[in-house]
Amino acid sequence: MSTINFANREINFKIVYYGPGLSGKTTNLKWIYGKIPEGRKGEMVSLATEDERTLFFDFLPLDLGEVKGFKTRFHLYTVPGQVFYNASRKLILRGVDGIVFVADSAPGRLRANAESMRNMRENLAEYGLKVEDLPVVLQVNKRDLPDALPVEMVQAVVDPEKRFPVFEAVATEGKGVFETLKEVSRLVLARVGST
Amino acid sequence: MVEPSLVLYGALYERAMEVLEETLRETGARYGLLIDRKGFVLAHKEALWAPKPPPLDSLATLVAGNAAATQALAKLLGEVRFQELVHQGERMGLYVDEAGEHALLLLVFDENAPLGKVKLYGKRAAEALARLAEEALANPPKLSLDTQYREEAKALLDELFGN
Ligand SMILES: Nc1nc2c(ncn2[C@@H]2O[C@H](COP(=O)(O)OP(=O)(O)OP(=O)(O)O)[C@@H](O)[C@H]2O)c(=O)[nH]1
Ligand SMILES: [Mg+2]
């Protein structure tokens, strides 16, 4: 549920980047941070280990601007993908409005993609949420890998019912990064006032 | 449990601001924030004499994350909750307390604010704010954001993220 601050006339949305370890979630946020002009973004906060693996979360606030007198903002978060950080991952999902699931195209990560999606379902269930009830966008990242699996194959393990919009990406080069963010933002906004 | 939207406005918001203001006055703290559990700022007040605060978004997010982790730790140990949280450096300190189930109170203070007062008035403020939050949740506002909002927002998405 979005947070609305009538006093300051703000409406805020929380978008979480989820997915297996090393799939490129933090890379998405870094690219976005680098491209959004000053004045439309806040500080990026990264709680990471020394080897740059996300430990708790990354955080990046974005200002969409003023819509009908309401300052509209998105708070982007990434979760730590490594399996043993599940306790932290669960905390980040609290109050989520939309999800980008970043899958890895590497052949050796097919199973990790599937397990991460299952884990996300379980964690959402603890908040009484179903994946089906939330705007979710699937980003199939690392399309530049020479042995990248076909998109359909990745999709088949994380979203066999083909429910979520799919975007191919090379996050290190920014390919597909904004397309993904824009779609999830659009879906999140589409739910405003309709509940 | 789906996270309810905690919305403070009108009279409730004014009262929350009064609580924060009074707490700053009594404790000598610099900044007082009411934050929801997701890390969004619901209300904030700065002492007139205080220098510009650090980015409030970052403060709120880290405090909410920290509080969530602390609560999870308490649960692991079979506790319902831990007491308020105090961090103290050489010059600056933080006081964080639960303002009920859905919000957090954050006070940022410096070496001139006596810790005893911060704790005493912090606890009182947290209780008062918890009651306000309860009231706010019991009376959610009718949201009148309509299709026009969505259309305008979409145009801004194009502008910010490109076509
Ligand atoms: N070849 C290639 N490498 C990528 C791509 N995106 C990210 N990487 C690399 O993959 C590694 C991991 O990226 P991160 O963004 O840190 O991954 P993460 O999903 O945040 O990982 P955790 O924090 O552990 O969950 C880094 O070395 C990135 O440079 C991509 O599109 N192609
Ligand atoms: Mg990361």
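Order of the sequence lines sets the chain letters (A, B, ...), proteins ahead of strands, with each chain counted from 1.
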Give the cluster check for A:Val100 versus A:Leu22: same hydrophobic cluster or not, with ILVMFWY residues linked at side-chain heavy-atom distances below 4.5 Å. no
Most contacts with chain A, counted as non-hydrogen pairs under 4.5 angstrom, among B:Ala43, B:Gly65, B:Pro55, B:Ala72: B:Gly65
Chain B contact via A:Arg40 - which portion, at a heavy-atom distance below 4.5 Å: side chain
Short question: side chain of A:Arg53, backbone of A:Gly81 - any donor-acceptor pair under 3.5 Å? no
Assess, by modelled atom type and distance only, whether the side chains of A:Glu122 and A:Asn86 contain a donor and an acceptor separated by less than 3.5 Å. no
Heavy-atom distance under 4.5 Å to chain B: side chain of A:Leu64, backbone, both or neither? both
What residues join B:Leu94 in its hydrophobic cluster, counting side-chain heavy atom gaps under 4.5 Å, either direct or through other members? B:Tyr31, B:Leu33, B:Ile35, B:Val41, B:Leu56, B:Leu59, B:Val63, B:Leu85, B:Met92, B:Val96, B:Leu104, B:Leu106, B:Val108
Less than 4.5 Å to any heavy atom of chain B: does that hold for the side chain of A:Glu179, its backbone, both, or neither? neither
Side chain from CB out, backbone as N, CA, C, O: work out which of these in A:Leu47 comes under 4.5 Å of a heavy atom of chain B, or both, or neither. side chain
Hey, which of A:Ser185, A:Gly42, A:Ala87 has the most heavy atom pairs under 4.5 Å with chain B? A:Ser185
Part of A:Asp63 lying under 4.5 Å from any heavy atom of chain B: backbone
Please find the pair of heavy atoms, one from A:Ser105 and one from A:Lys142, that lie closest to each other, and give the distance. CB-O, 3.6 Å
A:Arg73/B:Asp57 ion pair, N-O < 4.0 Å: yes
Heavy-atom distance under 4.5 Å to chain A: side chain of B:Glu14, backbone, both or neither? neither
Just by distance, with hydrogens left out, do A:Asp58 and A:Thr26 show a side-chain donor and acceptor under 3.5 Å apart? yes
So for A:Leu62, is it side chain, backbone, both, or neither that comes closer than 4.5 Å to the heavy atoms of chain B? side chain
